[in-house]
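Read through the structure below, which is laid out as structure tokens, and then see the notes.
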Amino acid sequence: MPRLTVNPDRMLAELDHLRTIGVQGTGVARRAFSDADVEARRWLVEQMQSAGLEVVVDSCGNVFGLPPGDEPCLLVGSHSDTQPLGGWLDGIWGVACGLELARAALEGDGPRVAVVSFQDEEGRFGRLTGSSVWSGEMSMAEADACEDQDAHTDPIRFAQARQRASEIGPLGAVSPDRFVAYIEPHIEQGPVLDRTQGAVGVVEAIVGVRQWTLRFEGEANHAGTTPMPMRRDALQGYVAYAVALNDAFASLADERTVWTLGRVVAEPNAASIVPGAVTFTVQMRDADAGLLDRMAKTATTIAEQVADARGLKLIATPGFSVAPVPMDLRLRHALEQAAESRVPGRWQVMPSGALHDASNVARILPTAMIFAPSIGGISHNPAEDTRREDLALALETLGEGIVRMSNAL
Ligand SMILES: [Zn+2]
């Protein structure tokens with residue numbers, strides 16, 4: 001059986017260095033194709049080359065480090081760009097794991113591993129732009145048209161920004177055919193592992209999203225002269241709806257289902273006028289598509305009941321919808337076995353509540369994800385952190401998982 005002996009200290013030292021590129025206080029600012037992002041990618045290219053990997057930077061700025069030989073291999077990585085002001089681990093920890101695994105595999109007799117850092121995962125231009133184009137989810141022309149969301153005036157487009165890819169390393173194209181599977185290590189960005197003192201999470205699926213915009217229309221009227229029984233108060237309808245929805249979802253949902261009444265606009269929003277209309281969003285997220293269907297049905301049925309009971313008119317408009325993305329079972333089981341061997345009793349199977357590059361890559365390659373805990377569940381924030389021993393444990397678990405995967409595939 002091939003072996004893979006990883007060096008967690010080497011990975012941690014590289015993370016410490018990467019943190020200095022774009023550092024702002026305890027956080028990091030490396031927007032896609034900013035000076036700091038290009039510098040970090042160039043530094044990654046140097047480490048990949050000195051590890052004996054062949055580097056190819058594609059036209060999106062995705063950086064690939066490929067082991068010698070033509071046989072298809074595992075691909076491990078994530079992204080090295082950040083939110084406008086992000087934490088020091090979001091994305092880059094997965095790239096650092098990929099680099100360490102690819103290097104350790106070459107040093108020993110481990111299975112061949114390639115590493116990737118996808119570009120613009122954090123949406124300076126599009127959303128998960130680099131992995132969207134690479135997986136065929138988005139055309140290059142569509143990506144090129146995306147404008148810089150950070151700019152207040154005269155935004156540049158992705159087409160212009162990606163000219164900087166040539167500053168990062170040797171340009172070329174990397175076909176997904178070169179890989180047998182994709183594994184994305186990522187910090188959890190939520191509180192579940194931290195709260196349960198878990199060391200490792202094995203992702204079962206990346207959750208899907210359903211969203212509706214609902215509007216109750218009643219009658220705006222004088223708040224002093226309109227008797228209570230004669231009112232058609234849209235905001236009171238919203239309040240009744242929120243209570244009824246929470247009750248219904250509490251019995252329908254499982255412990256990981258989440259829903260949010262995130263945006264509420266009352267009209268005319270004045271102290272002395274009975275509210276005539278209220279428009280609000282209801283968003284539901286879960287890993288189970290069937291449950292999302294039932295929740296969406298319940299959300300609109302309750303709105304109809306509230307509108308009928310209160311003499312309101314209901315306008316219900318479906319909003320954005322993303323299907324859940326299940327992870328590959330064979331890869332998942334390899335990670336579960338590795339976790340049971342490395343951190344017995346301190347791991348769990350869990351959904352990912354956030355979107356990742358894995359959401360795109362799962363369309364074209366068997367895909368799995370492994371989580372490390374986030375202290376306090378904090379992410380997209382300079383306070384984002386994970387204990388160093390947990391980063392090391394998750395890397396070692398992944399190292400064993402990769403060996404098991406290469407036997408299973
Ligand atoms: Zn991320």
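Quick caveat, the model's predicted, so the values are computed rather than measured. Counting convention: from 1, in listed order, for ligands and their atoms alike.
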Using 4.0 Å as the upper bound for N to carboxylate O, is an ion pair formed by [Y] and [X]?
X    : Y    : value
R330 : D328 : yes
E46  : R42  : no
E107 : R10  : yes

Pull up every protein N/O/S atom sitting under 2.8 Å from the Zn ion (ligand 1), skipping waters.
H79 NE2, D90 OD1, H186 NE2
Test of ring centre spacing under 6.0 Å for F216 and Y238:
no
What are the two closest heavy atoms between E384 and S379, and how far apart are they?
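Smallest heavy-atom distance, with atoms named: OE1-OG, 2.7 Å.
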With rounding to the nearest 0.5 angstrom, report the CG to CZ distance, L314 to R215.
11.0 Å
